[in-house]
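Worksheet for the structure shown next.
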Amino acid sequence: METRRRHRIVVIGGGTAGITVAARLRRAGQRDVAVVEPSLRHAYQPLWTLVGGGRAPLRESLRPQRSVMPRGVRWIRRAATAVDPDAREVALDDGGTVRYEQLVVCPGIQLDWDHVPGLADGLGRDGLSSNYLAETAPATWRFIRDTRSGSAVFSMPPGAIKCAGAPQKIAYLAADHWRRQGVLDRIDIHLVLPGDTMFGVPEFARVLADVARRYGINVHFGSEVTQVDPAAREVVVTKLATGAKTTLPYTMAHLVPPQSAPDWIKKSPLAATDDPAGYVEIDKHTMRHVRHPDVWALGDAGSSPNSKTGAAVRKQAPVLVENLLAALDGREPTAAYTGYASCPLTTARDKMLLAEFDYSGRPTPSIPLIDTMRERTDMWHLKRRGLPFLYWNLMLRGLA
């Protein structure tokens, strides 16, 4: 049956951003809020790195979607397929529509597996895995455990991706496991990075460079994995500046695909015409669309140039809600997001570096009296226990 409805506020996406915004809107007294989300399962994706590293069970990252949907919100269990901002209408995958007064767009980010030939074909078997899927994250740990000698390849693609530190974190978790098993010197580890440094913020880049040296990791700067041969267990690494190619064998490999906005957003009037990744074109401070004032976006699908992390969503959500409520009252939005993001970088099986920064590219530590700009064991416990508690019990309820 086709869905034909109208709601005052419609939120596209029931992930971190969508549920957080919907919860905050309800707490602000908004009674007519709908969330468009087809999935019956909600995932705390930051835990998947620890699942792949053998430091957490997959089950802790997954809960029924109904358990996180804010009370009083109408859950439309369909997928959005298009937006007509002139008609103020969202098209759904059952042929139906939902009309809105205000629209919040946060469907997440798309994993473009097909952009690397051979990657999707071998995923989850013969040593090839990725923590960017719940289905294959446990296989990463199995392949790490089974590797006692040979070579390991870890890669990060060019362009914006969710949790930009994740491609490195699993490399360090694996290397520390091999060190503790006494086999690290028998494994040739390669880390393929598109940039010319370990991290975009120099203060953290220096720490990570030391970590890579400690484990004897060969870092390929300015490079990307452009092809995978699962049968031969080889990857092709291409230099971004020159196009020069190198073939690396692997006993196990953790590869991350390029990422972009969902295809339907790329084709929509919401995307910037000059952005091949197709993100929703918003003001980076107010979260409001630059051409359609009744459309807002946050999270991974927004064009704001921050690191795509859950911590960014936690700071974006209250700004967006305050500004959206102002717009409903006929006022101009004044709340501003400064680009804050946080990347908890696991550097060992019991240590973490908490990288916090904003649009300025400078460190912005938020925990008083603690030096978070170095590897710490207490920060590991924050990653493993503190942040999941914050997520499930406070953030998704609109309380943090």
Side-chain angles (χ1 to χ4, degrees), residues 2-43 63-85 87-94 96-108 262 265 268 270 280 282 286-289 292-302 310 313-331 333 335 337 391-400:
E2 291 184 359
T3 306
R4 298 193 182 280
R5 299 193 182 101
R6 181 186 186 97
H7 294 277
R8 191 179 198 198
I9 303 172
V10 173
V11 179
I12 298 177
T16 302
I19 296 299
T20 301
V21 165
R24 285 181 171 273
L25 287 168
R26 286 291 296 152
R27 288 186 177 278
Q30 292 301 310
R31 296 185 177 182
D32 188 13
V33 180
V35 172
V36 179
E37 172 56 56
S39 179
L40 298 176
R41 183 178 74 175
H42 187 97
R63 293 189 182 181
Q65 184 71 31
R66 67 177 179 274
S67 71
V68 301
M69 193 65 61
R71 185 173 300 174
V73 167
R74 181 60 182 264
W75 178 16
I76 301 173
R77 300 177 194 178
R78 309 302 316 184
T81 58
V83 171
D84 183 341
R88 291 184 174 181
E89 194 170 79
V90 178
L92 305 176
D93 62 354
D94 67 348
T97 58
V98 183
R99 302 201 71 191
Y100 62 84
E101 290 182 35
Q102 298 287 324
L103 178 67
V104 181
V105 184
C106 45
I265 287 185
S268 78
L270 303 182
V280 180
I282 55 173
T286 65
M287 307 284 103
R288 195 180 206 174
H289 199 280
H292 305 290
D294 47 12
V295 177
W296 311 77
L298 77 164
D300 295 348
V313 170
R314 188 167 63 85
K315 295 295 186 179
Q316 290 172 344
V319 169
L320 185 151
V321 169
E322 182 178 336
N323 287 337
L324 187 154
L325 295 175
L328 285 175
D329 289 341
R331 296 179 284 112
Y337 167 62
Y391 183 80
W392 295 115
N393 298 287
L394 299 175
M395 188 172 169
L396 294 186
R397 297 181 182 180
L399 295 171

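Numbers here are sequence positions counted from 1.
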Please determine whether side-chain contact (heavy atoms from CB on, under 4.5 Å) holds for the pair His292 and Leu270, giving the CA-CA distance in whole Å, both sets of side-chain angles, and the decisive distance to 0.1 Å.
CA-CA 8 Å; His292 305 290; Leu270 303 182; 4.1 Å; yes

Taking it one step at a time, do Val21 and Trp296 satisfy side-chain contact (heavy atoms from CB on, under 4.5 Å)?
CA-CA 11 Å; Val21 165; Trp296 311 77; over 6 Å; no

Go through the steps for Glu89 and Val98 under the test side-chain contact (heavy atoms from CB on, under 4.5 Å), then give the verdict.
CA-CA 6 Å; Glu89 194 170 79; Val98 183; over 6 Å; no

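Counting heavy atoms from C-beta on, the side chains of Leu92 and Thr97 never come closer than 4.5 Å. Looking at heavy atoms from C-beta onward, Arg88 lies out of side-chain contact with Gln102 at the 4.5 angstrom threshold. Between Val295 and Val105 there is a side-chain heavy-atom pair separated by less than 4.5 Å. Taking 4.5 Å as the limit, every side-chain heavy atom of Val10 sits out of range of all side-chain heavy atoms of Val104.
Rounding to the nearest 0.5 Å gives a distance of 13.0 Å between CD1 of Ile9 and OH of Tyr100. Atom-to-atom distance recorded for Arg77:CZ and Met69:CE is 8.0 Å, nearest 0.5 angstrom. Taking CZ of Arg314 as the start and CG of Leu396 as the end, the distance is 12.5 Å to the nearest 0.5 Å. In this structure, CH2 in Trp75 is found 8.5 Å from CD1 in Ile19, a value given to the nearest 0.5 Å. With rounding to the nearest 0.5 Å, the separation of CZ in Arg41 from CD in Gln65 is 10.5 Å.
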Quick one: side chains of residues 316-329, donor-acceptor pairs under 3.5 Å with protein atoms, not counting sequence neighbours, listed by atom name and distance.
{"residue": "Gln316", "atom": "OE1", "partner": "Gly299", "partner atom": "N", "Å": "2.9"}
{"residue": "Gln316", "atom": "NE2", "partner": "Asn306", "partner atom": "OD1", "Å": "3.3"}
{"residue": "Asn323", "atom": "OD1", "partner": "Thr334", "partner atom": "N", "Å": "3.2"}
{"residue": "Asn323", "atom": "OD1", "partner": "Ala335", "partner atom": "N", "Å": "3.0"}
{"residue": "Asn323", "atom": "ND2", "partner": "Thr286", "partner atom": "O", "Å": "3.2"}
{"residue": "Asn323", "atom": "ND2", "partner": "Val319", "partner atom": "O", "Å": "3.4"}
{"residue": "Asn323", "atom": "ND2", "partner": "Ala335", "partner atom": "O", "Å": "3.0"}
{"residue": "Asp329", "atom": "OD2", "partner": "Arg331", "partner atom": "NH2", "Å": "3.3"}

Listed pairs under 3.5 Å, donor-acceptor, residues 26-38 side chains, sequence neighbours left out:
{"residue": "Arg26", "atom": "NE", "partner": "Arg71", "partner atom": "O", "Å": "3.0"}
{"residue": "Arg26", "atom": "NH1", "partner": "Gln30", "partner atom": "O", "Å": "3.0"}
{"residue": "Arg27", "atom": "NE", "partner": "Arg397", "partner atom": "O", "Å": "2.5"}
{"residue": "Arg27", "atom": "NH2", "partner": "Arg397", "partner atom": "O", "Å": "3.3"}
{"residue": "Gln30", "atom": "OE1", "partner": "Arg8", "partner atom": "NH1", "Å": "3.2"}
{"residue": "Asp32", "atom": "OD1", "partner": "His7", "partner atom": "ND1", "Å": "2.7"}
{"residue": "Asp32", "atom": "OD2", "partner": "Arg8", "partner atom": "N", "Å": "2.9"}
{"residue": "Glu37", "atom": "OE1", "partner": "Gly14", "partner atom": "N", "Å": "2.8"}
{"residue": "Glu37", "atom": "OE2", "partner": "Ser39", "partner atom": "N", "Å": "2.8"}

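Side-chain N or O atoms of Thr81 include one that pairs as donor or acceptor with a backbone N or O of Ala91 at under 3.5 Å. Thr20 places a side-chain N or O within donor-acceptor distance of the main-chain N or O of Thr16, the cut-off being under 3.5 Å.
Of all heavy-atom pairs between Pro85 and Val83, the closest is CD-O, 3.4 Å. Closest approach of Val280 to Ala297, counting heavy atoms only: CG1-CB, 3.7 Å. The heavy-atom pair separating Met287 from Leu298 by the smallest distance is SD-CB, 4.2 Å.
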